[in-house]
Amino acid sequence: MKITYFGHSVLKVETNDKILLFDPFITGNPVAEKITTADSLSPDVIILTHAHFDHWGDTLAIAERTGALVVGNHEITEYAYKQGHENVQPMNTGGSCTFEWGKLTQTYARHSSSFPDGTYGGNPNGYLLFVEGLCVYNSGDTSPFTEMAWIGEDHDIDLAFLPIGDLFTMGIQGALRAARMLKPNLTVPVHFDTYPPIEADTDAWQSSMNAVSLATRVLKPGESFDL
Ligand code: NI
Ligand code: MN
């Protein structure tokens with residue numbers, strides 16, 4: 001599995017000859033715009049955690065150009081369908097869906113969700129991604145919540161993506177609390193440094209994580225790594 005980070009919560013996962021793209025906010029994303037364009041991304045699957053503009057982003061443009069399958073909660077896939085994109089897979093919190101390339105389980109997230117035009121986006125979500133015998137958790141925008149302990153108990157998480165930027169999500173202290181419940185083998189921070197209000201002290205976060213024996217890796221925008 002090859003993972004590429006484009007800043008904010010934009011993650012590309014290449015696995016089993018498929019390209020999965022989480023929360024493709026490229027246009028208008030000051031970090032992502034420096035390293036890529038929406039036109040240069042050709043995913044097979046687009047996976048949405050919620051409908052906010054900084055996650056929904058270029059979904060429709062990319063989906064229309066590539067025909068990608070759009071995965072999200074009922075409200076998000078219904079919105080995409082009504083905009084003319086029929087290749088969708090709705091899910092809802094707690095449900096799993098098996099695809100030819102792997103499995104997704106939609107998890108709870110404590111946040112809100114509406115589209116840029118104000119349309120209700122349903123409840124926000126995170127995802128557990130099961131591929132290649134690995135388990136990857138992308139929490140989506142959230143604060144810590146106590147059921148993260150169940151996720152940590154029930155799954156051996158190889159990699160977790162957690163927001164650390166504060167203000168709209170948990171900050172470094174909340175992300176530490178989340179990671180202590182999830183117990184991932186590796187945690188990569190997201191949703192920080194896109195704009196000044198969500199700048200985060202990654203050194204302080206890494207120190208706090210490492211102090212309780214939790215491994216971290218901070219990805220630069222555009223950086224890839226193999227898991
Ligand atoms: Ni959000
Ligand atoms: Mn967000």
Side-chain angles (χ1 to χ4, degrees), residues 3-13 20-36 38 41 43 46-62 70-80 90-93 104 106-129 136-145 147-148 160-175 177-179 182 187-202 205 218-219 221:
I3 290 160
T4 306
Y5 180 55
F6 293 107
H8 207 60
S9 297
V10 188
L11 295 160
K12 182 170 77 172
V13 178
L20 318 181
L21 190 60
F22 284 94
D23 292 347
F25 169 49
I26 312 296
T27 306
N29 175 343
V31 175
E33 277 187 332
K34 286 187 191 140
I35 50 176
T36 191
L41 297 170
I46 299 171
I47 305 164
L48 281 317
T49 62
H50 63 297
H52 284 157
F53 76 96
D54 58 319
H55 299 260
W56 171 252
D58 297 291
T59 294
L60 268 187
I62 297 171
V70 172
V71 179
N73 68 11
H74 168 76
E75 287 78 5
I76 287 174
T77 55
E78 190 71 7
Y79 186 90
M91 298 182 68
N92 216 323
T93 310
L104 286 172
Q106 224 178 31
T107 53
Y108 172 82
R110 184 169 289 158
H111 192 63
S112 62
S113 182
S114 53
F115 286 91
D117 65 7
T119 302
Y120 173 58
N123 292 311
N125 293 105
Y127 289 92
L128 286 161
L129 166 66
V136 176
Y137 176 56
N138 179 359
S139 75
D141 286 7
T142 188
S143 70
F145 52 89
E147 292 94 329
M148 281 179 171
F161 293 101
L162 301 178
I164 65 163
D166 216 333
L167 188 61
F168 302 113
T169 66
M170 56 194 176
I172 60 173
Q173 191 176 2
R177 164 59 71 184
L182 295 161
T187 303
V188 169
V190 297
H191 214 277
F192 69 100
D193 286 5
T194 320
Y195 308 103
I198 58 169
E199 278 173 6
D201 185 342
T202 52
W205 171 73
V218 177
L219 297 177

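Just the heavy atoms: all of them, side chains too, but no hydrogens, waters or symmetry mates, feed the values below. Order of appearance sets the numbers: ligands from 1, and atoms from 1 within every ligand.
- Counting only N and O atoms by type, the side chains of His52 and Asp141 include no donor and acceptor under 3.5 Å apart.
- Checked by atom type, the side-chain pair Asp54/Tyr195 shows no donor-acceptor distance below 3.5 Å.
- Expressed to the nearest 0.5 Å, how far CG of Asn73 lies from CE of Met91 amounts to 10.5 Å.
- Counting backbone and side-chain atoms alike, His8 contributes no N/O/S atom closer than 2.8 Å to the Mn ion (ligand 2).
- Taking all atoms of both residues into account, the shortest heavy-atom contact from Tyr79 to Phe115 is CD2-CE2, 3.3 Å.
- In this structure, the side chains of Ile76 and Trp56 come closer than 4.5 Å at one or more pairs of heavy atoms.
- Each protein N/O/S atom under 2.8 Å from the Ni ion (ligand 1) was counted, for a total of 4.
- At the Mn ion (ligand 2), the angle from OD2 in Asp54 to OD2 in Asp141 is 170° when rounded to 10°.
- At a threshold of 2.8 Å, the Mn ion (ligand 2) has no backbone or side-chain N, O or S atom of His111 nearer than that distance.
- Atom NE2 is the N, O or S atom of His191 at the shortest distance from the Mn ion (ligand 2).
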request  = Dump the intermediate steps for side chain to side chain contact (heavy atoms under 4.5 Å, CB included) on Leu129 and Asn138, then the final yes or no.
outcome  = CA-CA 8 Å; Leu129 166 66; Asn138 179 359; over 6 Å; no
key: Residue pair Gln106, Val71: steps toward the side chain to side chain contact (heavy atoms under 4.5 Å, CB included) verdict   = CA-CA 10 Å; Gln106 224 178 31; Val71 179; 5.6 Å; no
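- Remark: Tyr5 OH to Leu11 CG distance equals 7.0 Å, nearest 0.5 Å.
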